[in-house]
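The structure appears right after this line, and notes come after that.
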Amino acid sequence: MKRSIVIGCGSYLPRRVVTNNELAKSLDTDDDWIVSRTGIRQRHIADEGELTSDLALMAAQRALENAGILPSEVDILIVATTTPDQTFPATATKVQHQLGMMHGAAFDIQAVCSGFIYGLSVADNLIKGGQAQTVVLIGAETFSRILDWEDRSTCVLFGDGAGAIVLRAAENQDINKEESDTNLHTRRGVLSTHIHSDGATNNILYVDGGPSSTQMVGHVRMNGREVFRHAVNNLAGIVGEALDANRLNSEDIDWLVPHQANRRILDGTARKLGLPIEKVVVTVERHANTSAASVPLALDEAVRDGRIKTNDLVLLEAMGGGLTWGAGVIRW
Ligand code: ACO
(Lines give C-alpha, C1' and ligand atoms only; values in the text may rest on other atoms or scores of the structure.)
Protein backbone atom coordinates (compact mmCIF):
# COMPACT_ATOMS: atom_id res chain seq x y z
CA MET A 1 0.00 0.00 0.00
CA LYS A 2 1.28 3.44 -0.89
CA ARG A 3 0.85 6.59 1.19
CA SER A 4 1.31 10.30 0.48
CA ILE A 5 4.03 12.48 1.92
CA VAL A 6 3.98 16.28 1.75
CA ILE A 7 7.23 17.26 0.05
CA GLY A 8 6.67 20.99 -0.39
CA CYS A 9 4.36 23.94 0.15
CA GLY A 10 3.93 27.51 -1.07
CA SER A 11 1.49 30.39 -1.02
CA TYR A 12 0.68 33.73 -2.55
CA LEU A 13 -1.23 36.79 -1.36
CA PRO A 14 -2.20 39.70 -3.61
CA ARG A 15 -0.13 42.78 -2.78
CA ARG A 16 -3.09 45.08 -2.02
CA VAL A 17 -4.03 45.13 1.68
CA VAL A 18 -7.39 46.57 2.76
CA THR A 19 -7.76 47.39 6.46
CA ASN A 20 -11.01 47.55 8.43
CA ASN A 21 -10.63 51.33 8.65
CA GLU A 22 -10.46 51.55 4.86
CA LEU A 23 -13.69 49.54 4.58
CA ALA A 24 -15.32 51.84 7.12
CA LYS A 25 -14.84 54.77 4.72
CA SER A 26 -17.50 53.40 2.37
CA LEU A 27 -19.47 51.05 4.63
CA ASP A 28 -21.43 51.47 7.87
CA THR A 29 -18.96 49.48 9.98
CA ASP A 30 -15.92 50.03 12.20
CA ASP A 31 -12.70 48.34 13.21
CA ASP A 32 -13.95 47.60 16.74
CA TRP A 33 -17.05 45.73 15.53
CA ILE A 34 -15.11 43.63 13.03
CA VAL A 35 -12.21 42.81 15.40
CA SER A 36 -14.43 41.96 18.36
CA ARG A 37 -16.79 39.71 16.34
CA THR A 38 -14.24 38.05 14.04
CA GLY A 39 -10.61 38.89 14.92
CA ILE A 40 -10.10 40.19 11.37
CA ARG A 41 -7.99 43.35 11.00
CA GLN A 42 -7.18 43.34 7.29
CA ARG A 43 -7.50 41.26 4.11
CA HIS A 44 -5.63 41.01 0.78
CA ILE A 45 -7.66 41.85 -2.31
CA ALA A 46 -6.67 40.86 -5.86
CA ASP A 47 -5.97 43.66 -8.35
CA GLU A 48 -8.31 44.20 -11.24
CA GLY A 49 -7.44 41.59 -13.85
CA GLU A 50 -5.65 39.39 -11.31
CA LEU A 51 -7.45 36.05 -11.54
CA THR A 52 -7.78 32.97 -9.34
CA SER A 53 -5.53 31.12 -11.81
CA ASP A 54 -2.82 33.80 -11.36
CA LEU A 55 -2.86 33.37 -7.58
CA ALA A 56 -2.95 29.57 -7.93
CA LEU A 57 -0.01 29.59 -10.35
CA MET A 58 2.18 31.62 -7.98
CA ALA A 59 1.38 29.33 -5.04
CA ALA A 60 2.02 26.19 -7.14
CA GLN A 61 5.36 27.52 -8.46
CA ARG A 62 6.49 28.29 -4.91
CA ALA A 63 5.40 24.86 -3.67
CA LEU A 64 7.23 23.08 -6.52
CA GLU A 65 10.35 25.16 -5.85
CA ASN A 66 10.10 24.31 -2.14
CA ALA A 67 9.74 20.61 -3.04
CA GLY A 68 12.68 20.86 -5.44
CA ILE A 69 10.82 19.25 -8.33
CA LEU A 70 9.81 20.26 -11.86
CA PRO A 71 6.25 20.59 -13.26
CA SER A 72 7.10 17.70 -15.59
CA GLU A 73 7.17 15.39 -12.55
CA VAL A 74 3.55 16.18 -11.60
CA ASP A 75 0.79 13.71 -12.62
CA ILE A 76 -2.28 15.44 -11.20
CA LEU A 77 -3.02 19.09 -10.48
CA ILE A 78 -6.08 19.96 -8.39
CA VAL A 79 -7.44 23.45 -7.71
CA ALA A 80 -9.96 23.77 -4.89
CA THR A 81 -11.91 26.94 -5.60
CA THR A 82 -15.36 28.54 -5.44
CA THR A 83 -14.26 31.46 -7.59
CA PRO A 84 -13.01 29.88 -10.85
CA ASP A 85 -11.82 32.20 -13.63
CA GLN A 86 -14.70 30.99 -15.83
CA THR A 87 -17.66 28.60 -15.53
CA PHE A 88 -15.52 26.29 -17.65
CA PRO A 89 -12.82 25.21 -18.39
CA ALA A 90 -11.59 24.24 -14.94
CA THR A 91 -9.15 26.77 -13.51
CA ALA A 92 -6.81 23.83 -12.86
CA THR A 93 -6.38 23.25 -16.61
CA LYS A 94 -5.25 26.87 -17.05
CA VAL A 95 -2.73 26.49 -14.23
CA GLN A 96 -1.56 23.18 -15.74
CA HIS A 97 -0.82 24.97 -19.02
CA GLN A 98 0.80 28.01 -17.39
CA LEU A 99 3.04 25.76 -15.28
CA GLY A 100 4.20 24.05 -18.44
CA MET A 101 2.82 20.68 -17.39
CA MET A 102 2.38 18.77 -20.66
CA HIS A 103 0.82 15.57 -19.39
CA GLY A 104 -1.35 14.14 -16.60
CA ALA A 105 -4.70 15.61 -15.58
CA ALA A 106 -5.99 18.76 -13.94
CA PHE A 107 -9.40 19.44 -12.41
CA ASP A 108 -11.20 21.70 -9.94
CA ILE A 109 -12.91 20.76 -6.70
CA GLN A 110 -15.82 22.78 -5.35
CA ALA A 111 -16.51 22.41 -1.64
CA VAL A 112 -16.23 26.12 -0.74
CA CYS A 113 -14.17 26.63 2.45
CA SER A 114 -13.67 22.85 2.85
CA GLY A 115 -12.29 22.56 -0.69
CA PHE A 116 -8.66 22.06 0.34
CA ILE A 117 -9.59 19.23 2.75
CA TYR A 118 -11.75 17.61 0.08
CA GLY A 119 -8.83 17.98 -2.34
CA LEU A 120 -6.47 16.41 0.19
CA SER A 121 -8.81 13.44 0.47
CA VAL A 122 -8.98 12.99 -3.33
CA ALA A 123 -5.23 13.48 -3.80
CA ASP A 124 -4.36 11.06 -1.00
CA ASN A 125 -6.68 8.40 -2.42
CA LEU A 126 -5.32 8.82 -5.96
CA ILE A 127 -1.84 8.23 -4.57
CA LYS A 128 -2.89 5.33 -2.33
CA GLY A 129 -4.69 3.71 -5.25
CA GLY A 130 -1.58 3.97 -7.41
CA GLN A 131 -3.15 6.31 -9.98
CA ALA A 132 -0.80 9.19 -9.21
CA GLN A 133 2.78 9.52 -8.07
CA THR A 134 2.96 13.29 -7.55
CA VAL A 135 0.03 15.64 -6.98
CA VAL A 136 -0.05 19.43 -6.70
CA LEU A 137 -3.02 20.48 -4.57
CA ILE A 138 -3.91 24.18 -4.59
CA GLY A 139 -6.56 26.16 -2.73
CA ALA A 140 -7.10 29.48 -4.51
CA GLU A 141 -9.78 32.16 -4.31
CA THR A 142 -10.65 35.63 -5.48
CA PHE A 143 -13.59 35.67 -3.07
CA SER A 144 -13.77 39.49 -3.30
CA ARG A 145 -15.41 39.02 -6.72
CA ILE A 146 -18.51 37.32 -5.30
CA LEU A 147 -19.04 39.67 -2.35
CA ASP A 148 -21.86 42.19 -2.13
CA TRP A 149 -19.77 45.20 -1.09
CA GLU A 150 -22.91 46.88 0.28
CA ASP A 151 -23.69 43.98 2.65
CA ARG A 152 -21.64 44.74 5.76
CA SER A 153 -22.56 41.42 7.37
CA THR A 154 -20.59 39.44 4.76
CA CYS A 155 -18.14 41.64 2.84
CA VAL A 156 -15.91 42.40 5.84
CA LEU A 157 -15.27 38.69 6.44
CA PHE A 158 -13.42 37.53 3.32
CA GLY A 159 -10.15 37.99 1.43
CA ASP A 160 -8.22 36.63 -1.58
CA GLY A 161 -5.18 34.34 -1.72
CA ALA A 162 -3.78 30.93 -2.62
CA GLY A 163 -1.80 28.13 -1.01
CA ALA A 164 -0.47 24.85 -2.37
CA ILE A 165 1.18 21.62 -1.31
CA VAL A 166 2.98 18.90 -3.26
CA LEU A 167 2.20 15.31 -2.33
CA ARG A 168 4.30 12.37 -3.40
CA ALA A 169 3.80 8.60 -3.17
CA ALA A 170 5.94 6.68 -0.70
CA GLU A 171 5.94 2.91 -0.36
CA ASN A 172 4.80 1.49 2.95
CA GLN A 173 6.93 -1.33 4.23
CA ASP A 174 5.40 -4.76 3.84
CA ILE A 175 4.15 -4.87 7.41
CA ASN A 176 1.57 -6.89 9.28
CA LYS A 177 -1.47 -5.32 10.95
CA GLU A 178 0.03 -5.07 14.42
CA GLU A 179 3.18 -3.38 13.17
CA SER A 180 1.07 -1.17 10.98
CA ASP A 181 -0.93 0.03 14.01
CA THR A 182 2.27 0.89 15.90
CA ASN A 183 3.65 2.55 12.82
CA LEU A 184 0.65 4.82 12.56
CA HIS A 185 2.11 6.98 15.28
CA THR A 186 5.54 7.41 13.73
CA ARG A 187 5.31 7.15 9.94
CA ARG A 188 5.27 10.37 7.94
CA GLY A 189 2.55 11.37 5.50
CA VAL A 190 -1.22 11.71 5.35
CA LEU A 191 -2.59 9.41 8.08
CA SER A 192 -6.28 9.93 7.31
CA THR A 193 -8.82 12.28 5.76
CA HIS A 194 -12.50 12.70 6.67
CA ILE A 195 -15.16 14.52 4.66
CA HIS A 196 -18.86 15.23 5.24
CA SER A 197 -21.66 17.33 3.78
CA ASP A 198 -25.29 18.10 4.56
CA GLY A 199 -27.25 19.60 1.69
CA ALA A 200 -30.19 20.32 4.02
CA THR A 201 -28.20 23.37 5.14
CA ASN A 202 -27.66 24.78 1.59
CA ASN A 203 -29.71 27.86 2.45
CA ILE A 204 -27.65 29.25 5.34
CA LEU A 205 -24.59 30.02 3.20
CA TYR A 206 -24.79 30.30 -0.59
CA VAL A 207 -24.33 32.48 -3.66
CA ASP A 208 -27.56 33.85 -5.13
CA GLY A 209 -26.64 33.13 -8.73
CA GLY A 210 -25.09 30.62 -11.10
CA PRO A 211 -25.12 29.47 -14.73
CA SER A 212 -28.16 27.20 -14.43
CA SER A 213 -30.30 29.36 -12.13
CA THR A 214 -29.82 33.05 -12.94
CA GLN A 215 -27.10 33.04 -15.61
CA MET A 216 -25.36 35.62 -13.37
CA VAL A 217 -22.44 35.04 -11.01
CA GLY A 218 -24.34 36.25 -7.91
CA HIS A 219 -23.19 37.25 -4.40
CA VAL A 220 -22.52 35.52 -1.09
CA ARG A 221 -25.53 35.35 1.26
CA MET A 222 -25.23 34.06 4.79
CA ASN A 223 -27.14 33.53 8.00
CA GLY A 224 -24.10 34.22 10.20
CA ARG A 225 -25.57 32.99 13.48
CA GLU A 226 -26.68 29.66 12.01
CA VAL A 227 -23.32 29.17 10.29
CA PHE A 228 -21.55 29.91 13.56
CA ARG A 229 -23.68 27.35 15.44
CA HIS A 230 -23.05 24.62 12.86
CA ALA A 231 -19.34 25.47 12.64
CA VAL A 232 -18.71 24.93 16.34
CA ASN A 233 -20.62 21.60 16.38
CA ASN A 234 -19.40 20.19 13.06
CA LEU A 235 -15.77 21.10 13.68
CA ALA A 236 -15.74 19.57 17.15
CA GLY A 237 -17.28 16.41 15.63
CA ILE A 238 -14.85 16.12 12.74
CA VAL A 239 -11.80 16.73 14.92
CA GLY A 240 -12.96 13.99 17.28
CA GLU A 241 -13.55 11.64 14.34
CA ALA A 242 -10.05 12.30 12.97
CA LEU A 243 -8.37 11.72 16.35
CA ASP A 244 -10.37 8.53 17.04
CA ALA A 245 -9.58 7.10 13.59
CA ASN A 246 -5.87 7.33 14.40
CA ARG A 247 -6.25 6.43 18.09
CA LEU A 248 -4.76 9.78 19.01
CA ASN A 249 -5.51 12.20 21.85
CA SER A 250 -5.55 15.95 21.45
CA GLU A 251 -2.25 16.09 23.44
CA ASP A 252 -0.61 14.16 20.58
CA ILE A 253 -1.32 17.02 18.16
CA ASP A 254 1.62 19.38 17.61
CA TRP A 255 -0.30 21.86 15.44
CA LEU A 256 -3.93 22.52 14.64
CA VAL A 257 -4.24 24.30 11.28
CA PRO A 258 -7.90 25.27 11.05
CA HIS A 259 -9.89 27.02 8.36
CA GLN A 260 -9.56 30.72 9.16
CA ALA A 261 -13.16 31.97 9.25
CA ASN A 262 -13.45 33.66 12.58
CA ARG A 263 -11.23 33.98 15.65
CA ARG A 264 -14.10 33.02 17.95
CA ILE A 265 -14.65 29.74 16.05
CA LEU A 266 -10.90 28.97 16.26
CA ASP A 267 -10.81 29.67 20.00
CA GLY A 268 -13.95 27.56 20.54
CA THR A 269 -12.51 24.59 18.64
CA ALA A 270 -9.18 24.80 20.53
CA ARG A 271 -11.06 25.00 23.84
CA LYS A 272 -13.23 21.97 23.01
CA LEU A 273 -10.08 20.03 22.08
CA GLY A 274 -8.29 21.17 25.22
CA LEU A 275 -5.51 22.45 22.98
CA PRO A 276 -3.57 25.57 24.07
CA ILE A 277 -4.08 28.40 21.57
CA GLU A 278 -0.25 28.51 21.08
CA LYS A 279 -0.64 25.22 19.18
CA VAL A 280 -3.19 26.70 16.77
CA VAL A 281 -1.93 28.42 13.60
CA VAL A 282 -3.92 31.66 13.33
CA THR A 283 -3.80 33.96 10.29
CA VAL A 284 -7.38 35.20 10.24
CA GLU A 285 -6.44 38.65 11.60
CA ARG A 286 -4.25 39.32 8.51
CA HIS A 287 -5.82 37.17 5.77
CA ALA A 288 -9.53 37.15 6.80
CA ASN A 289 -11.46 34.18 5.40
CA THR A 290 -9.89 33.11 2.10
CA SER A 291 -12.18 30.08 1.75
CA ALA A 292 -10.36 27.11 0.12
CA ALA A 293 -7.03 28.97 0.36
CA SER A 294 -7.08 29.54 4.10
CA VAL A 295 -5.72 26.19 5.32
CA PRO A 296 -2.79 25.96 2.84
CA LEU A 297 -1.96 29.66 3.42
CA ALA A 298 -1.76 29.04 7.17
CA LEU A 299 0.18 25.80 6.67
CA ASP A 300 2.77 27.46 4.45
CA GLU A 301 3.25 30.31 6.90
CA ALA A 302 3.82 27.95 9.83
CA VAL A 303 6.20 25.72 7.84
CA ARG A 304 8.26 28.63 6.56
CA ASP A 305 8.58 30.34 9.95
CA GLY A 306 9.78 27.06 11.47
CA ARG A 307 6.80 26.24 13.70
CA ILE A 308 5.78 23.09 11.79
CA LYS A 309 8.77 20.76 11.54
CA THR A 310 9.42 17.34 10.05
CA ASN A 311 7.62 14.60 12.03
CA ASP A 312 5.19 17.03 13.69
CA LEU A 313 1.62 15.78 13.89
CA VAL A 314 -0.63 18.31 12.14
CA LEU A 315 -4.43 18.35 12.23
CA LEU A 316 -6.27 20.28 9.50
CA GLU A 317 -9.99 21.07 9.60
CA ALA A 318 -12.50 23.22 7.73
CA MET A 319 -16.18 23.92 7.23
CA GLY A 320 -17.92 25.81 4.46
CA GLY A 321 -21.01 26.25 2.31
CA GLY A 322 -23.01 23.13 1.53
CA LEU A 323 -22.55 22.72 4.36
CA THR A 324 -19.37 20.76 3.83
CA TRP A 325 -16.78 19.96 6.47
CA GLY A 326 -13.72 17.80 6.85
CA ALA A 327 -10.39 17.10 8.52
CA GLY A 328 -7.02 15.58 7.72
CA VAL A 329 -4.20 14.26 9.91
CA ILE A 330 -0.66 14.56 8.55
CA ARG A 331 2.65 13.50 10.08
CA TRP A 332 4.70 16.29 8.46
N1 ACO B 1 -20.28 46.25 11.14
C2 ACO B 1 -21.12 46.74 12.06
N3 ACO B 1 -22.28 46.13 12.38
C4 ACO B 1 -22.60 45.00 11.76
C5 ACO B 1 -21.76 44.43 10.76
C6 ACO B 1 -20.56 45.11 10.47
N7 ACO B 1 -19.68 44.66 9.56
N8 ACO B 1 -22.33 43.31 10.32
C9 ACO B 1 -23.48 43.15 10.98
N10 ACO B 1 -23.65 44.19 11.83
C11 ACO B 1 -24.76 44.43 12.75
C12 ACO B 1 -26.03 43.78 12.30
O13 ACO B 1 -26.69 44.59 11.33
C14 ACO B 1 -26.80 43.68 13.57
O15 ACO B 1 -27.36 44.93 13.85
P16 ACO B 1 -28.85 45.06 14.47
O17 ACO B 1 -28.77 44.37 15.80
O18 ACO B 1 -29.04 46.52 14.55
O19 ACO B 1 -29.74 44.36 13.49
C20 ACO B 1 -25.72 43.43 14.62
O21 ACO B 1 -24.48 43.84 14.00
C22 ACO B 1 -25.63 42.00 15.05
O23 ACO B 1 -25.62 41.18 13.87
P24 ACO B 1 -25.43 39.64 13.98
O25 ACO B 1 -25.42 39.08 12.60
O26 ACO B 1 -26.40 39.08 14.95
O27 ACO B 1 -23.97 39.59 14.58
P28 ACO B 1 -23.21 38.38 15.20
O29 ACO B 1 -22.81 38.70 16.57
O30 ACO B 1 -23.90 37.10 14.96
O31 ACO B 1 -21.88 38.39 14.33
C32 ACO B 1 -20.89 37.25 12.43
C33 ACO B 1 -21.94 38.22 12.91
C34 ACO B 1 -19.51 37.81 12.76
C35 ACO B 1 -21.02 37.07 10.93
C36 ACO B 1 -21.09 35.90 13.20
O37 ACO B 1 -22.42 35.47 13.08
C38 ACO B 1 -20.18 34.84 12.65
O39 ACO B 1 -19.00 34.89 12.83
N40 ACO B 1 -20.73 33.82 12.00
C41 ACO B 1 -19.94 32.79 11.36
C42 ACO B 1 -19.91 33.14 9.95
C43 ACO B 1 -18.65 32.80 9.23
O44 ACO B 1 -17.59 32.70 9.77
N45 ACO B 1 -18.83 32.64 7.95
C46 ACO B 1 -17.76 32.40 7.06
C47 ACO B 1 -18.14 31.42 6.03
S48 ACO B 1 -18.45 29.86 6.73
C49 ACO B 1 -17.04 29.33 7.27
O50 ACO B 1 -16.06 29.65 6.68
C51 ACO B 1 -17.02 28.49 8.45
Side-chain angles (χ1 to χ4, degrees), residues 18-43 80-83 110-118 139 141 143-144 146-161 163 195-199 201-208 218-239 256-270 272 280 282-285 287-298 316-327:
V18 177
T19 62
N20 293 345
N21 285 331
E22 273 176 83
L23 286 184
K25 287 181 193 159
S26 55
L27 198 67
D28 182 14
T29 189
D30 57 79
D31 184 55
D32 273 357
W33 192 97
I34 302 172
V35 173
S36 65
R37 297 297 208 292
T38 70
I40 297 165
R41 294 180 185 279
Q42 61 170 54
R43 71 282 298 138
T81 188
T82 304
T83 46
Q110 155 58 303
V112 204
C113 302
S114 314
F116 186 79
I117 306 289
Y118 270 59
E141 302 280 14
F143 225 78
S144 60
I146 55 167
L147 296 173
D148 174 352
W149 286 100
E150 289 179 1
D151 176 8
R152 65 179 182 172
S153 68
T154 52
C155 74
V156 303
L157 303 175
F158 296 91
D160 301 335
I195 55 173
H196 293 273
S197 67
D198 176 10
T201 48
N202 274 184
N203 61 346
I204 63 170
L205 179 55
Y206 62 97
V207 164
D208 60 1
H219 294 117
V220 174
R221 304 294 172 207
M222 178 176 73
N223 178 338
R225 288 207 169 177
E226 273 300 290
V227 171
F228 194 97
R229 194 172 64 78
H230 282 281
V232 173
N233 290 334
N234 292 344
L235 292 173
I238 198 72
V239 158
L256 175 67
V257 185
H259 170 50
Q260 311 282 323
N262 180 308
R263 180 68 205 232
R264 289 188 297 155
I265 299 177
L266 302 190
D267 290 344
T269 310
K272 279 202 170 180
V280 183
V282 182
T283 57
V284 68
E285 72 277 15
H287 300 171
N289 181 347
T290 56
S291 185
S294 92
V295 169
L297 268 165
L316 317 176
E317 48 88 331
M319 192 197 87
L323 295 174
T324 56
W325 63 102

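Both counts, for ligands and for their atoms, begin at 1 and track the order of listing. Numbers here are sequence positions counted from 1.
- Note: no N/O pair closer than 3.5 Å links Asp30 and ligand 1 by distance alone.
- In this structure, atom 6 (C) of ligand 1 is in close contact with the protein, since a protein heavy atom lies within 4.0 Å of it.
- The protein reaches atom 38 (C) of ligand 1 closely, with a heavy atom under 4.0 angstrom from it.
- For Gln260 against Thr283, the heavy-atom pair with the smallest separation is OE1-N, 2.8 Å.
- Here the shortest heavy-atom distance to atom 3 (N) of ligand 1, taken over Trp33, Trp325, Phe158, belongs to Trp33.
- What sits closest to atom 45 (N) of ligand 1 on the protein, heavy atoms only, is Met222 SD, 3.2 Å.
- Taking each heavy atom of His219 and Asp208 in turn, the nearest pair found is N-OD1, 2.7 Å.
- Contacts of Leu27 with ligand 1, taken as heavy-atom pairs under 4.0 Å, are absent altogether.
- In terms of protein heavy-atom proximity, atom 29 (O) of ligand 1 is nearest to Arg37 NE, 3.0 Å.
- Side-chain atoms of Asn202 come within 3.5 Å of backbone N or O of Gly199 as a donor-acceptor pair.
- The shortest side-chain heavy-atom distance between Leu235 and Lys272 does not fall under the 4.5 Å cut-off.
- Salt-bridge formation is not detected for the pair Glu22/Lys25: no Lys NZ or Arg NE/NH1/NH2 atom is positioned less than 4.0 Å from an Asp or Glu carboxylate oxygen.
- Under the 4.0 angstrom criterion, atom 18 (O) of ligand 1 counts as lacking any protein heavy-atom contact.
- Every atom of ligand 1 is numbered from 1 in the order shown, and the set under 4.0 Å from a heavy atom of Met319 is 49 (C), 50 (O), 51 (C).
- Judged by distance alone, with hydrogens and angles left aside, the side-chain atoms of Asp30 form no donor-acceptor pair with the main-chain N or O of Ala24 at under 3.5 Å.
- Remark: minimum distance from atom 36 (C) of ligand 1 to any protein heavy atom is reached at Arg264 NH2, 3.9 Å.
- The protein non-hydrogen atom at the shortest distance from atom 50 (O) of ligand 1 is His259 NE2, 2.8 Å.
- Counting the atoms of ligand 1 from 1 in the order shown, those under 4.0 Å from a heavy atom of Leu205 are 47 (C), 48 (S).
- No more than 12 heavy-atom neighbours from other residues, nucleotides or ligands sit within 6.0 angstrom of CD on Glu150.
- For Gly224, a nitrogen or oxygen atom sits less than 3.5 Å from a nitrogen or oxygen atom of ligand 1, counting backbone and side chain alike.
- Listed by number with element, the atoms of ligand 1 under 4.0 Å from a non-hydrogen atom of Asn262 are 38 (C), 39 (O).
- Within the 4.0 Å heavy-atom criterion, the part of Val156 lying near ligand 1 is the side chain and not the backbone.
- If you number the atoms of ligand 1 from 1 as listed, the ones under 4.0 Å from a heavy atom of Ala261 come out as 44 (O), 49 (C), 50 (O), 51 (C).
- Counting heavy atoms from C-beta outward, Val156 and Asn20 have side chains that stay 4.5 Å or more apart.
- Gln110 places a side-chain N or O within 3.5 Å of a backbone atom of Val112 that can act as its donor or acceptor partner.
- Atoms of ligand 1 found under 4.0 Å from any heavy atom of Asn289, numbered from 1 in the order shown, are 46 (C), 47 (C), 50 (O).
- Here the protein heavy atom with the shortest distance to atom 30 (O) of ligand 1 is Arg225 NE, 3.3 Å.
- Remark: minimum distance from atom 11 (C) of ligand 1 to any protein heavy atom is reached at Arg152 NH2, 3.6 Å.
- Looking at Glu141 and Thr290, their side chains never bring a donor and an acceptor atom within 3.5 Å of each other.
- Using a distance-only test at 3.5 Å, with no hydrogens or angles considered, no donor-acceptor pair links the side chain of Tyr206 to the main chain of Gly322.
- For Thr38, no nitrogen or oxygen atom sits less than 3.5 Å from a nitrogen or oxygen atom of ligand 1, counting backbone and side chain alike.
- In this structure, the side chains of Leu205 and His230 stay at 4.5 Å or more apart for every pair of heavy atoms.
- In terms of heavy atoms, Ala318 sits closest to Ser114 at O-OG, 3.8 Å.
- Distance remark: protein heavy atom present below 4.0 angstrom from atom 26 (O) of ligand 1.
- In this comparison of Asp31, Val227, Thr29, the heavy atom closest to atom 1 (N) of ligand 1 sits on Thr29.
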